[in-house]
Each structure stands twice: as structure tokens, then as C-alpha cells.
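Here's the structure, in C-alpha cells; my notes come after.
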Amino acid sequence: MGVPHISNGPEQPETWSRRGVLAVLGVVPAAVLTGCTASANASNGSTPKAPGATAPTLTVTPADDTENAAFTSPVQVTASTGTLSRVKVTGDDGSTLPGTFNDARTKWTSTRNPYSGTTYTVTAKAKGGAVAETMTFTTRTPADTFVGYFTPEAGSTSGVGMPVSVNFTHAVTDRAAVEKAITVTADPQVEVVGHWFSDTRLDFRPEEYWAAGTEITLGLRLKDVEGADGVYGTQSKDVTFHIGREQISTVDLARKTMTVRRDGQAIATYPVSGGDAEHTTWSGIMVISERFEETRMESSTVGLGDEYDIDDVPHAQRLTTSGTFIHGNYWASASIFGSSNTSHGCIGLRDTKGADDTSTPGYAFYESSMLGDVVVVENSGEDTVGPANGLNGWNLSWTDWQAGSAL
């Protein structure tokens, strides 16, 4: 994390001592004399001190032995007289704190603040001095902290619609500081912009879907970033995700069919059944955010009382936080698929109980899908799904998406 210390060149062997104020004795070369006076002075081995010379005094901030030093200000080493030849600041976490000298080399200032909860050792030496000094200080640990939980998982492979979504454990009031501390980069390169959906959720996406095969790197530099008054981040890490093949499925609920396109080519068309007139299916662009080979679905969890409770719904893939899934259906007549919209808002494909019949559309579509795949619903009779309802920020125009950034 650090950079090598700056030095004027080779130095004499050092001895080390410890004190609160760092003093280094300067050595002044003897004046060049002539004739037998110079010879006499050379023979007795003495080196007279230049008139008025004083020992350089080094001051370090924070002071030596400080136990609860601030981590919100840089470290400084100052020479009251003379110049600095070397400064090095190392943490007990193995890091080195980088820094720069002023033009006169009388002051060294770290280029970033020290980390919280870390013990640092400072070594400093004045130019021409024979002794380097050392001191230590420990920064305080903040009482209140926050972390960001991210989607997708590190090392995972997702479909082209997967945004990078970060959910914070504490409400963020300084959105600009937090967003600035998070980077999302892509290879191949594309502009990626953040959008705040709330004070606890920040998503990132490009203007268009990711290109198939993209590698995405999320950089979290939240450690000691003050997200809210007195609340500091704790993370400093990089994680990488991958984008797989492109799969975009279009559900037309007027025709009651779903066409699956893989890398631009149609690979399957399935008969489906969507929401009925009283429980219309959301329209718009939706992204698969969870997948279950079998799962329980209860109407009470989506505000529909006790209308249904099915404990083994096969091949269920979540499209919205509010409860929209595309899933297999074994309890309805096979004749409804492709002919009638009869569900409570989900999109159903013919399937069998037990989720093990490989010949059914429910099984086939589930096996062909992954997290981050895109499902577009058309002609449902319903409004466009809210962009924060699931991982569905693609329903915002690029202009509106950019307007949600704090930077």
C-alpha cells in the first residue's frame, strides 16, 4: 500500500533511540586551513563545530506514545532546523504510509490519513545526522461503523443484466464521500455510473447491458470514510465478477409466449401464463436475482391473504423484490399455457411436481438461465416495474440513471 521512502542517497550506519521529540546532531565539516596549521589540526583528529550551529530538532504529529490519535488528519514530521533526509511510517498491519517533502525538505506530510485502530512506527533522520529516531502512536478505533454488502458474489458469473448493487448497514448521509470511495471498472472498458436508490442502497451499471465475457472489478475503499456523522466504513478490498453469455428472454402476455435469445439468436419459444386481469404482471425489464429448484410460495407474503400456499413450486426464479417470479407450474391445467393468463402476477411455465422432469418447459428454461439474465415483459396491462423493485434499474433512461449519482 505504501511507497518507498525518499532518501538523498547513501547514509552512514545508524543507531536508534526513542524519545518524544526527535533530535539529531548535525556534523559540520572542518574549515579548510593552509600551511602547518592545517597539518597540526589534522593530526589531532578534532573537527571544530561551526559557530552558531545547532542540533536539528524533529517534531512528529501525532506525538510519541499517543494511544487514541486521530485518523482523520495526515501524519507530519517537521525539522525546526536543518533538513530531513529520511522519513518512513509503517503500520502494524504491514502497510507503509506514503508521503512527500516540502520544497525545503523541512517538513514531511503523509499523502493519506493513517488507518483507524492501527499502531504506527515513525523513523526519521536529519540530513548529515548520525542518528535516526523512532516513535510510535496508535490511532483510535471508531465506535460506530458500517459495511457494504454487495451483489453479485465475488468470483461469480452472471448474465448481462446484473448490476453491481451495494447495500449498507447504516444510512449514508454523505453520499458523495461514500460513492467516491467505491469504483466499478470493466474489461472491456465501458463507463459505469452509480445511482442511489435510497440512503442504504447504491447500484452501478453501464448505459447498455454488459458485453458478454466482461470482467468487472469492484473496489471498496470505505475504511475510515465517514458515511454519516461519527459512522465510519471498515472495508478496503477488491473483488471481481464475470459476465457470461448474453441471454435475453421476452415475454409477450398478449401472445402468451416467451422467446429466449442467446447471444442474439432465438434458441427457444415457450407457452406461458401471466397474471390475470385482477393480478396483472409488471411490465418492463427485469433481472433474475434469485433461483430456487423448489421453493414455498405463500399469498400472505405478498398481501393476498390466504389465497394460496404451495410448498414445492418448481424452478422458481425471482424477478422483483415484491414477489414476481418466473416459475414452473404443475397444479394448473396444461391447456392454459399459451392460451390464458391465470396467475396472481407471476409468469408460469408448464412443469411437473418434484422438479425432475427434464422434458418440461419449466425445467428447460431454468437449466438455461443464470442470475443476472434479463426477462422483458410486454403487453401485460400493467405499469413498468419500479427500478428499485429488484435489480431492475435498466428501466431508467441513462440520463435519469446518471442523475442519481452523488458525484
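Everything numeric in this text was worked out from a predicted model, so none of it was measured.
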**Q.** Steps toward side chain to side chain contact (heavy atoms under 4.5 Å, CB included) verdict (Arg245, Asp373)
**A.** CA-CA 9 Å; Arg245 79 290 177 275; Asp373 279 351; 2.8 Å; yes
Q.
Thr360 vs Asp357, test: side chain to side chain donor-acceptor pair (under 3.5 Å). Steps then yes/no.
A. CA-CA 6 Å; Thr360 64; Asp357 186 343; 5.2 Å; no
Q | Chi angles and distances behind the side chain to side chain donor-acceptor pair (under 3.5 Å) call for Asn379, Asp252 | A | CA-CA 6 Å; Asn379 301 316; Asp252 184 337; 3.0 Å; yes
Q.
If you apply the rule salt bridge (charged side-chain N to carboxylate O under 4.0 Å, His left out), what do you find for Arg221 with Asp238, and how did you get there?
A. CA-CA 9 Å; Arg221 296 295 178 269; Asp238 294 321; 3.0 Å; yes
Q) Does the ring pair (Phe, Tyr, Trp, His ring centres under 6.0 Å) test come out yes or no for His315 and Phe365, once each step is laid out? A) CA-CA 8 Å; His315 303 125; Phe365 180 66; over 10 Å; no
Q.
ring pair (Phe, Tyr, Trp, His ring centres under 6.0 Å) for Tyr149 and Phe168? Distances and angles first, verdict last.
A. CA-CA 6 Å; Tyr149 290 103; Phe168 303 103; 9.8 Å; no
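Listed for the Asn341 side chain is no donor-acceptor partner under 3.5 Å among the backbone atoms of Lys256. Asn389 places a side-chain N or O within 3.5 Å of a backbone atom of Ser322 that can act as its donor or acceptor partner. Side-chain atoms of Arg205 come within 3.5 Å of backbone N or O of Glu207 as a donor-acceptor pair. Of the possible polar contacts, none joining the Ser273 side chain to the Gly348 backbone as a donor-acceptor pair under 3.5 Å is found. In this structure a side-chain-to-backbone donor-acceptor pair under 3.5 Å is present from Asp64 to Thr136. Tyr363 contributes no side-chain N or O that, together with a main-chain N or O of Asp351, makes up a donor-acceptor pair within less than 3.5 Å.
In this structure, Lys223 satisfies the cation-pi test against Tyr115, with its NZ or CZ atom closer than 6.0 Å to the six-membered ring centre and inside 45 degrees of the ring normal. Annotation: cation-pi geometry not satisfied between Arg201 and Trp196 (NZ/CZ under 6.0 angstrom from ring centroid, within 45° of ring axis).
The pair Asp174-Lys180 does not meet the salt-bridge criterion, since no charged nitrogen lies less than 4.0 angstrom from a carboxylate oxygen. The residues Arg296 and Asp312 are annotated as not salt-bridged, no charged nitrogen and carboxylate oxygen being separated by less than 4.0 angstrom. The pair Asp224-Arg112 does not meet the salt-bridge criterion, since no charged nitrogen lies less than 4.0 angstrom from a carboxylate oxygen.
Ring orientation note: the planes of Trp401 and His195 are close to parallel, at an angle under 30° on the 30°/60° scale. Between Phe325 and Phe292, the angle of the ring planes lies from 30° to 60°, which puts this pair in the tilted group. Relative ring orientation between Tyr308 and His344 is described as tilted, the plane-to-plane angle lying within the 30° to 60° band.
The CD1 atom of Ile347 sits 5.5 Å away from atom OG1 of Thr281, with the distance rounded to the nearest 0.5 Å. Rounding to the nearest 0.5 angstrom, the gap separating the CE atom in Met286 from the CG atom in Asn395 is 7.5 Å. With values rounded to the nearest 0.5 angstrom, Ser156 atom OG is found 9.5 Å from Met370 atom CE. Atoms CG and CE, from Asp65 and Met135 in turn, are 7.5 Å apart once rounded to the nearest 0.5 Å.
For the pair Thr240/Ile216, no side-chain contact is recorded, criterion being any heavy-atom separation below 4.5 Å from C-beta on.
For CD of Gln189, the number of neighbouring non-hydrogen atoms (other residues, nucleotides, ligands) closer than 6.0 Å is 12 at most. Within 6.0 Å of CD on Glu307 lie more than 12 heavy atoms contributed by other residues, nucleotides or ligands. By the 6.0 Å contact criterion, CZ on Arg255 is open, its count of non-hydrogen atoms from other residues, nucleotides or ligands being 12 or less.
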